[in-house]
Amino acid sequence: MKRVKQRATATLVIALALVLGLGLYVARYMAHGADWAMFAANAALYDNARLTVGTLIDRNGTVLAGFDDDGNRRFAESESVRRATLHVTGDKLGNIGTGALKAFDARLAGYNAVTGAYSRVGRGATVALTIDAELSAVALKALDGRRGAVLVMNYETGELLCAVSSPTFDPENPPTITDGDTRYDGAYLNRGLSSTFTPGSVFKLITSAAAIENIPDIRTRTFTCTGSQTVGGERITCPEKHGELTFKDALAVSCNVAFAELSLELGADTLARYADRAGLLERLSLDGILSAAGRFDEAEADSAELAWSGIGQANDLASPLAMLRYVSAIANGGEAAEPHLLLKTGLSSVLPREKTRLLNEKTASELAELMANNVTAHYGADNFAGLELHAKTGTAEVGVGKPPHAWFVGFIRNEGHPLAFAVIVENGGSGRLAAGGVANSVLKAAIDN
Ligand SMILES: [Zn+2]
């Protein structure tokens with residue numbers, strides 16, 4: 001009897017171990033199955049480490065990456081669309097690491113936990129992006145060969161409509177890029193996501209949020225700008241003498257003297273906290289594609305460095321995507337609808353969107369009003385006719401002898417087109433003229449759609 005009992009116990013232990021092992025395997029399979037299937041030596045999916053399956057389309061069904069009749073990888077029909085969407089789509093060789101062909105390979109392969117990456121026709125799955133291919137082509141045309149990035153997003157849903165980066169190339173005829181060829185400097189980078197830039201005066205939107213919440217008399221205070229101000233033995237300069245100014249005027253004309261005063265008063269600690277809360281210092285995830293983190297160094301009290309850091313100079317850095325998300329939050333009552341690239345369809349399209357609060361509602365609404373005033377009082381509403389525009393320019397100094405980077409960020413109020421944007425033209429000169437012109441063309445095309 002004793003022996004039978006021993007055997008029964010042993011069998012039970014083995015059975016339990018089997019169940020546990022199977023459970024563990026299933027759990028690991030559910031968590032990592034996509035990675036296991038998507039290894040680059042899997043000949044059903046890859047040729048020389050290049051994904052050979054899957055069709056990528058834009059929000060309107062335009063094919064961004066598909067196949068010809070012989071099963072060869074082909075990109076969009078229109079060359080201008082191919083160039084404009086290169087950085088979101090990716091290239092044949094996989095040089096563009098943030099491209100969808102690489103980032104969403106498991107989806108493109110049609111991977112699921114039941115059938116794995118097997119597909120009956122051997123062509124993988126169709127994946128739709130939130131991108132608007134035609135609008136992207138308009139944005140690239142507006143950049144007119146200059147280096148930079150154009151991001152446009154629906155601030156209510158977080159759908160990224162446009163993520164154009166220049167320089168670019170035609171993925172059907174990729175150039176051989178040799179070291180030092182300046183025409184293709186950083187051509188594999190999606191500048192909107194993977195690059196950070198000196199924000200210049202667009203950072204004043206962060207300093208302004210801190211001022212609104214921490215300086216009680218901010219709305220009645222006046223500043224005096226004589227064209228420059230000495231701080232910590234260094235001169236903080238303005239492009240012109242702005243004279244007597246309110247806070248509202250100071251943001252509209254982007255007065256460095258006024259913002260130097262505010263920065264010194266707020267202190268490095270507070271400014272750093274607001275840069276952090278604004279999401280500028282973190283790596284953002286676009287459906288798993290990570291952006292570059294920005295930077296804000298806390299300078300000593302009463303130093304010129306501190307004054308410049310609140311003006312968006314010094315060592316400040318921000319990615320265009322982080323700036324886009326911040327102005328989207330301003331447009332959206334302080335909450336950022338998280339930017340994403342994968343178009344939600346079916347049930348997922350009606351589920352609530354992921355949102356993150358970057359600002360309190362009242363501060364967001366005050367900033368929105370200030371940004372509307374920037375346009376009507378200073379940038380010229382006529383220059384943006386037909387757009388209910390809220391914006392901030394930035395002209396970021398990037399070193400002696402080099403033209404500054406031109407920034408333009410903001411949003412429009414438009415019932416069918418709740419759009420936010422971030423434009424940067426590298427060494428483009430004036431924020432309003434260079435980057436503002438690009439934003440104007442793209443937003444007009446978007447609302448005419
Ligand atoms: Zn000034």
Side-chain angles (χ1 to χ4, degrees), residues 197-212 214-268 270-271 274-275 296 299 301-316 318 323 366-367 369-381 383 390-400 402-410 428-436:
F197 300 90
T198 302
S201 295
V202 293
F203 189 85
K204 284 174 181 152
L205 292 174
I206 286 97
T207 307
S208 293
I212 288 168
N214 295 278
I215 299 180
D217 71 339
I218 191 72
R219 290 158 204 88
T220 53
R221 186 182 288 205
T222 55
F223 303 85
T224 307
C225 169
T226 58
S228 73
Q229 174 81 39
T230 305
V231 177
E234 238 182 80
R235 256 159 58 92
I236 305 291
T237 51
C238 252
E240 56 187 289
K241 289 181 190 175
H242 290 121
E244 287 270 307
L245 296 154
T246 62
F247 172 55
K248 191 173 165 180
D249 304 330
L251 185 70
V253 299
S254 211
C255 177
N256 288 344
V257 168
F259 275 82
E261 185 181 320
L262 291 172
S263 305
L264 296 178
E265 190 169 332
L266 289 161
T270 305
L271 286 174
Y274 277 81
F296 183 87
D302 303 319
S303 65
E305 201 75 359
L306 173 58
W308 282 123
S309 72
I311 296 170
Q313 294 289 151
N315 296 322
D316 297 5
M323 282 310 310
E366 280 197 56
L367 280 172
E369 245 172 72
L370 290 167
M371 290 168 79
N373 176 67
N374 290 348
V375 178
T376 50
H378 196 62
Y379 311 155
N383 295 324
H390 301 60
K392 180 73 193 86
T393 55
T395 304
E397 302 298 335
V398 288
V400 182
K402 283 189 214 158
H405 289 342
W407 280 90
F408 202 61
V409 302
S430 149
R432 181 178 65 79
L433 294 174

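Counting starts at 1 for both ligands and their atoms, in listed order.
Residues passing the side chain to side chain contact (heavy atoms under 4.5 Å, CB included) test with Ala391 are Val375, Tyr379, Leu389, Phe408, Phe421, sequence neighbours excluded. With sequence neighbours excluded, the residues satisfying side-chain hydrogen bond (donor to acceptor under 3.5 Å, both in side chains) with Ser228 are Arg235.
Every pair passing side-chain hydrogen bond (donor to acceptor under 3.5 Å, both in side chains) that includes a residue from residues 301-316 is listed here, sequence neighbours excluded: Asp297-Asn315.
Two residues are said to be in side-chain contact when any heavy atoms from C-beta on lie closer than 4.5 Å; Asp249 and Thr246 meet this criterion.
Remark: Lys248 NZ to Asn374 CG distance equals 10.0 Å, nearest 0.5 Å.
By the 30° and 60° cut-offs, the orientation of the rings of Phe203 relative to Phe296 is parallel.
Excluding waters, the protein N/O/S atoms found under 2.8 Å from the Zn ion (ligand 1) are Cys225 SG, Cys238 SG, His242 ND1, Cys255 SG.
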